[in-house]
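These notes are about the structure you will find just below.
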Amino acid sequence: MRIGEIAALVGVTSRAVRHYHHIGLLPEPARQANGYRAYSVRDAVLLARIRRLTEIGLSLDEVRDVLADDAGRELGEVLAELDADLARQERAIQERRQVLAVLLEAPPTSDGPLSPALAALLDHAPATTSPAAAKDREHLALLDAAGDEAGAAVFAALRPVAEDPGVLALYERLDELEEAGVDDPRIAALAAELAAAVPDEVLAVIPAGEPSAAGFGRVLLDDYPPAQRAVVRRVMEELAERVRRRETS
């Protein structure tokens, strides 16, 4: 194969192939008598491996390390791994298309499009005009946008919370702190009650490292005014402590 043929076969540009040659990531193949590079099947497999690794977010230096580990492996073993990678991609695409099909059938909403898991959760939440509840809904939509299994598990575990009418009163008390200062005496009590309203089943499925003042938790905190932020931070700290107690018990 010539450079244009191997590039087309793998789905990259000839320029990319030349760049990989230039940085030593893809070895230069032998040249024919006419001066053209002659690429083999193994070259195509290696180029496909490079493409796959860069697509999943590895830097070229990281790709180089992976390829070094591949050195000496049988061609059949590398081909099998590439085939497994493609199978995983196919499954992921199928799962996304299934979710998309459900979204296309659902009526449009101001929050949408929402995953079936989040839509089911919100369907069971009582109607409210609480700004704090609306903000919570936005945060759930943000988590939903990640589109992973962890989010769906969290939404399922939150179902009892969404159906609890007593939670609306907690939202209203949080609304009352919108203009309050961080020394407001209502903060501690409200935080304790909000944390207590979160069942252990939710803590069992939240992503590792959450809730915290970093990552997704930091995004939430930045969205609140001072007194409400103080409440939410205390809730995160209490939930994190419950997670630690559960893991060490």
Side-chain angles (χ1 to χ4, degrees), residues 106-148 150-246:
T109 68
S110 59
D111 300 306
L114 302 176
S115 71
L118 179 55
L121 172 65
L122 297 181
D123 282 345
H124 288 82
T128 178
T129 59
S130 164
K135 193 182 295 290
D136 226 7
R137 188 183 182 114
E138 292 174 354
H139 295 158
L140 291 174
L142 178 60
L143 177 61
D144 191 44
D148 56 20
V154 171
F155 301 148
L158 281 172
R159 177 84 168 265
V161 180
E163 296 175 337
D164 183 359
V167 172
L168 291 182
L170 297 179
Y171 276 132
E172 291 170 358
R173 288 166 59 188
L174 189 58
D175 291 331
E176 294 170 359
L177 292 175
E178 183 175 6
E179 303 295 332
V182 294
D183 57 348
D184 193 288
R186 296 171 291 180
I187 290 176
L190 178 56
E193 291 182 53
L194 282 168
V198 179
D200 290 338
E201 289 76 10
V202 174
L203 301 183
V205 295
I206 60 176
E210 298 289 355
S212 71
F216 186 74
R218 179 182 57 77
V219 176
L220 266 61
L221 288 174
D222 289 344
D223 202 26
Y224 288 99
Q228 292 180 343
R229 186 183 307 126
V231 171
V232 176
R233 184 184 295 277
R234 284 173 178 249
V235 171
M236 287 182 179
E237 291 171 350
E238 171 58 27
L239 296 182
E241 178 59 29
R242 282 171 56 187
V243 170
R244 284 192 291 270
R245 289 198 300 266
R246 188 187 68 229

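Heavy-atom basis, side chains included; hydrogens, waters and symmetry copies ignored. All values reported here derive from a predicted model rather than from experimental measurement.
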Nearest atoms (heavy-atom pairs only) where [X] meets [Y]:
| X | Y | result |
| --- | --- | --- |
| Leu168 | Ala127 | CD1-O, 4.3 Å |
| Pro226 | Val182 | CB-CG1, 3.7 Å |
| Ser130 | Asp175 | OG-OD2, 2.7 Å |
| Ala227 | Ala180 | CB-O, 3.4 Å |
| Leu170 | Ala197 | CD1-CB, 4.2 Å |

State the CG-CZ distance between Leu177 and Arg229, to the nearest 0.5 angstrom. 13.0 Å
Walk me through whether Tyr224 and Arg233 qualify under side-chain contact (heavy atoms from CB on, under 4.5 Å). CA-CA 10 Å; Tyr224 288 99; Arg233 184 184 295 277; over 6 Å; no
Salt bridge or not for Glu238 and Arg245, using N-O below 4.0 Å?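 Salt bridge flag = yes for Arg245 with Glu238.
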Basic-acidic side-chain contact under 4.0 Å: Glu241, Arg244: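 Arg244 and Glu241: salt-bridged.
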After noting the C-alpha distance and the side-chain angles of Leu118 and Leu121, does the key distance pass the side-chain contact (heavy atoms from CB on, under 4.5 Å) rule? CA-CA 5 Å; Leu118 179 55; Leu121 172 65; 4.1 Å; yes
For residues Tyr171 and Thr128, determine if any side-chain heavy atom of one lies less than 4.5 Å from a side-chain heavy atom of the other.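 Tyr171 vs Thr128: side chains apart.
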Counting only pairs under 3.5 Å, give me each side-chain donor-acceptor contact of residues 188-196, with atom names and distances, residues two or more places apart or in other chains.
unit_1 : atom_1 : unit_2 : atom_2 : d
Glu193 : OE1    : Arg173 : NH1    : 2.9
Glu193 : OE2    : Arg173 : NH1    : 3.1
Glu193 : OE2    : Arg173 : NH2    : 3.0

State whether the side chain of Gln228 and the backbone N or O of Leu174 hold a donor-acceptor pair below 3.5 Å, judged by distance alone.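 Indeed, once roles are kept as given, a pair shorter than 3.5 Å links the two residues.
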